[in-house]
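A, B, ... follow the sequence lines: proteins, then strands. Residue 1 opens every chain.
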Amino acid sequence: MRLSQYLMPTRRDVPAGAEIRSHQLMLRTGMIRQSAAGIYSWLPLGLKVLRKIEAIIREEQDRAGALELLMPTIQSADIWRESGRYDDYGKEMLRIKDRHDRELLYGPTNEEQITQIFRDSVKSYKDCPRILYHIQWKFRDEIRPRFGVMRGREFLMKDAYSFDLDEERARKSYQRMFISYLRTFERLGLRAIPMKADTGPIGGDLSHEFIILADTGESAVFCHKALTEIPAPSEDINFDDDLTPFINEWTSHYAATEEMHDEARFNSEVAAEDQISARGIEVGHIFYFGEKYSKAMKCTVQGPDGQMTTLHSGSYGIGVSRLVGAIIEASHDENGIVWPKSVAPFDVGIINLKPGDEAADEVSNRLYKELNAQGLDCLMDDTNERAGGKFATMDLIGLPIQLIVGPKGVKSGVVEIKDRKTGEREEQTIETAVAKIIASHKLT
RNA sequence: CGGGGUAUAGCUCAGCCUGGUAGAGCACUGGUUUUGGGAACCAGGGGUCGCGAGUUCGAAUCUUGCUGCCCCGACCA
């Protein structure tokens with residue numbers, strides 16, 4: 001993409017009312033624009049990041065054996081009456097009526113919807129287990145939206161739902177998602193720590209929140225330092241194997257959010273030098289809820305013995321739009337965003353310092369074409385902005401690699417490669433620069 | 001939902017107290033000089049001062065009702 005043909009309305013001023021860095025940076029880089037409290041439009045740059053995150057989540061869901069489908073944003077009140085949640089769910093649920101006065105709602109979650117689909121589609125134990133997921137916009141009319149996309153009212157969420165014949169087997173589905181989440185967050189450039197979460201009336205040990213550590217996190221969290229160091233499961237993990245050893249490795253250390261925190265246990269189980277007390281952002285939540293919806297909504301299958309069995313389910317959420325903010329919270333500096341490679345909106349930023357200079361144009365265009373041909377997505381600043389402005393903008397939007405092409409360097413056959421994260425810059429011949437960038441791209 | 005704040009140009013804000021021709025910086029348009037870390041100068045464009053009612057000869061400014069947005073608290077991916 002040529003910047004001269006793009007829509008990327010960056011700003012120098014810090015927008016009023018944006019408190020935290022990620023929100024400020026998303027507004028300043030022109031990733032999003034607010035359209036109402038907690039409701040945002042995604043401009044081209046922001047949408048690219050959102051799509052990249054989605055793609056990684058999708059790959060890891062698929063790898064774990066989950067099946068993608070897509071349910072609507074608008075749901076009928078009927079199924080919520082069936083589960084009993086229509087009255088339980090408070091003002092957070094946006095209720096609407098159509099022209100025939102039929103009661104509808106903008107879905108805050110999809111347990112009812114998926115349970116209806118599954119019970120109407122599956123009648124035999126042979127079709128279990130299944131894990132189904134979708135990536136869809138949700139709406140929760142939060143009392144107080146804040147922190148930009150980190151707590152919006154409208155938000156993009158990946159939610160998966162598992163259907164198993166009994167609790168024992170449901171546990172296996174739960175483990176699949178657990179491992180899948182570890183891999184997903186790792187690929188997003190984050191260290192997410194699974195922490196035991198409140199299981200409510202269901203009880204048991206099958207609920208975890210995945211938390212990333214950040215000063216602006218909404219809740220206090222406590223964990224063992226080891227959890228920041230355990231390597232995530234590799235991509236050749238076989239999800240059909242017994243995953244228990246992995247789960248044990250990740251759940252044997254102390255980790256709790258403030259609601260579940262037990263100071264005495266923390267102090268006795270974790271040596272003082274291994275204790276981490278920090279703030280955390282919840283980016284995922286997995287939950288086994290058993291027969292809660294399948295019982296109320298009569299989601300049953302016939303077993304081999306001819307008996308009807310009520311299915312056991314769990315739900316598994318990832319806050320996709322929240323992750324955009326969370327990643328920025330975890331990865332920025334005073335000059336702007338520092339994108340992890342896997343989710344950067346472009347792979348490389350090419351700065352043509354002097355458009356109109358024949359040699360600079362020629363080299364910039366050549367680099368642009370060659371890198372694009374190798375599958376690298378490039379943003380080329382071919383505007384007439386001054387050099388200082390271009391550098392500042394490129395640092396602000398945080399592309400991992402910058403290629404700086406100036407008339408002076410070009411004259412002696414060199415361009416400059418800058419690593420956004422370290423700030424290191426090196427002059428290279430054009431050929432070497434291309435080769436190096438391609439090589440480093442292929443590593444990831 | 002309770003408490004507090006705020007609303008003036010695309011953005012950040014001043015002006016309001018003490019009523020009298022709507023301002024600055026940044027951004028934008030044209031020009032000159034610049035040109036490797038957010039340039040200088042010249043000339044421009046751009047505003048129902050959130051909306052309604054009232055007071056007044058006259059309201060961005062005073063009074064009042066409403067709405068949006070933001071912050072603090074309890075709730076949430």
Between B:rG44 and B:rG25, how far apart are the two P atoms, rounded to whole Å?
14 Å
Using a heavy-atom cut-off of under 4.0 Å over every strand shown, decide if A:Gly409 touches base, sugar-phosphate, or nothing.
base
Cationic N near anionic O, under 4.0 Å, A:Glu60 to A:Arg63:
yes
Using the side-chain heavy atoms of A:Ala37, tell me which of these nucleotides is nearest: B:rC76, B:rC11, B:rC69.
B:rC69
Salt bridge or not for A:Glu218 and A:Arg151, using N-O below 4.0 Å?
yes
Contact class for A:Gly389 (heavy atom, under 4.0 Å): base, sugar-phosphate, or nothing?
base
Looking across every strand, which nucleic acid part, if any, lies under 4.0 Å from A:Arg153 by heavy atom: base, sugar-phosphate, or nothing?
nothing
Provide the distance between the two P atoms, one in B:rA59 and one in B:rC51, to the nearest whole Å.
15 Å
Give one of base, sugar-phosphate or nothing for A:Arg33, where a contact means two heavy atoms less than 4.0 Å apart.
nothing
Sugar-phosphate only, base, or nothing, as touched by A:Leu323 at under 4.0 Å among non-hydrogen atoms:
nothing
Expressed as a whole number of angstroms, how long is the span from A:Glu258:CD to B:rA74:C1'?
13 Å
Nucleotide nearest A:Arg146 (side chain, heavy atoms from C-beta), chosen from B:rC71, B:rG36, B:rG38
B:rC71
Could you tell me whether the side chain of A:Arg151 has a donor or acceptor atom within less than 3.5 Å of a complementary atom in the base of B:rC75?
yes
Is A:Thr393 touching bases, backbone alone, or none of the nucleic acid, heavy atoms closer than 4.0 Å?
base
Electrostatic pair A:Glu103-A:Lys97, nearest N-O below 4.0 angstrom:
no
Closest to the A:Arg144 side chain, choosing from B:rC76, B:rG38, B:rA74
B:rA74
Separation of B:rG38 C1' from A:Asp13 CG (nearest whole Å)
12 Å
Run the salt-bridge test on A:Arg420 and A:Asp333 with the 4.0 Å N-O cut-off and return the result as yes or no.
yes
Looking only at atom P, what distance separates B:rU29 and B:rU61, rounded to whole Å?
34 Å
Residue whose closest nucleotide on RNA chain B lies nearer the 5' end, A:Ala387 versus A:Gly319
A:Ala387
Taking the C1' atom of each, how far is B:rG10 from B:rG52, in whole Å?
27 Å
Would A:Glu92 and A:Arg140 pass as an ion pair if we require N to O under 4.0 Å?
no
Take the protein atom CD of A:Glu142 and the nucleotide atom P of B:rC72, then report the distance between them rounded to whole Å.
15 Å
Pairing of A:Glu59 and A:Arg187 as salt bridge, 4.0 angstrom limit
yes
Provide the distance between the two C1' atoms, one in B:rA27 and one in B:rA74, to the nearest whole Å.
41 Å
Aromatic ring of A:Phe391 stacked on base six-ring of B:rG36, 5.5 Å, 30°:
no
For the side chain of A:Met157, starting at C-beta, report the closest nucleotide among B:rU12, B:rA77, B:rA74.
B:rA77
In whole angstrom, give me the gap between the P atoms of B:rC13 and B:rC75.
31 Å
Under 4.0 Å between a side-chain N or O of A:Lys390 and OP1 or OP2 of B:rG37?
no
With C1' as the reference atom in both, quote the distance from B:rU21 to B:rA60 in angstrom, rounded to an integer.
14 Å
What is the base-pairing partner of B:rU55, counting Watson-Crick and G-U wobble geometry with both distances under 3.5 Å?
none
I'd like to know if A:Asp164 pairs up with A:Arg130 as an ion pair, taking the criterion as any Lys NZ or Arg NE/NH1/NH2 lying under 4.0 Å from an Asp or Glu carboxylate oxygen.
no
Rounded interatomic separation in angstrom, taking CG from A:Asp381 and P from B:rG38:
15 Å
Provide, to the nearest angstrom, the distance between the CG atom belonging to A:Leu50 and the P atom belonging to B:rA77.
19 Å
Sort out the partner of B:rA74 for me: Watson-Crick or G-U wobble, both distances under 3.5 Å, none otherwise.
none
Starting from P on B:rC28, measure out to CG on A:Asn384 and report it in whole angstrom.
12 Å
For A:Gly152, report the nucleic acid contact type (base, sugar-phosphate, nothing); a contact means any heavy atom under 4.0 Å.
base
Does A:Ala36 reach a base, just sugar-phosphate, or nothing at all? Heavy atoms under 4.0 Å.
sugar-phosphate
Over how many whole Å does the gap from A:Ile351 atom CD1 to B:rG38 atom P extend?
13 Å
Pick base, sugar-phosphate or nothing for A:Asp159, based on heavy-atom distances below 4.0 Å to the nucleic acid.
nothing
Taking 4.0 angstrom as the limit, do A:Glu82 and A:Arg119 come out as a salt bridge?
yes
In the structure shown, which nucleotide is the Watson-Crick or G-U wobble counterpart of B:rA7, with both distances under 3.5 Å?
B:rU67
Taking the minimum atom-to-atom distance to the side chain of A:Glu218, which one of B:rU12, B:rC76, B:rG36 wins?
B:rC76
Answer for the Watson-Crick or wobble partner of B:rA43, both distances under 3.5 Å, is B:rU29
Look at A:Glu431 together with A:Arg366 and state whether they make a salt bridge at an N to O cut-off of under 4.0 Å.
yes
Which base sits across from B:rC13 as a Watson-Crick or G-U pair, both distances under 3.5 Å?
B:rG23
Look at the side chain of A:Arg11 and decide which nucleotide, out of B:rC11, B:rC76, B:rG73, has an atom nearest to it.
B:rC11
Can you tell me the base-pairing partner of B:rU35? Count Watson-Crick or G-U wobble geometry only, both distances below 3.5 Å, and say none if there is no partner.
none
Side-chain atoms of A:Arg386 come closest, of B:rC26, B:rC76, B:rU34, to B:rU34
Start at the 5' end of RNA chain B and walk down; is the nucleotide closest to A:Val414 or to A:Val14 reached first?
A:Val14
With heavy atoms under 4.0 Å as the rule, sort A:Gly406 into base, sugar-phosphate or nothing.
base
Distance-only donor-acceptor test (3.5 Å): side chain A:Arg12, base B:rG25
no
Please determine if a side-chain N or O atom of A:Gln34 lies less than 4.0 Å away from the OP1 or OP2 oxygen of B:rC70.
yes
With rounding to whole Å, what would you report as the distance between B:rA24 and B:rA14 at their P atoms?
16 Å
For the pair made of NE2 in A:His23 and C1' in B:rC69, what is the distance, rounded to whole Å?
11 Å
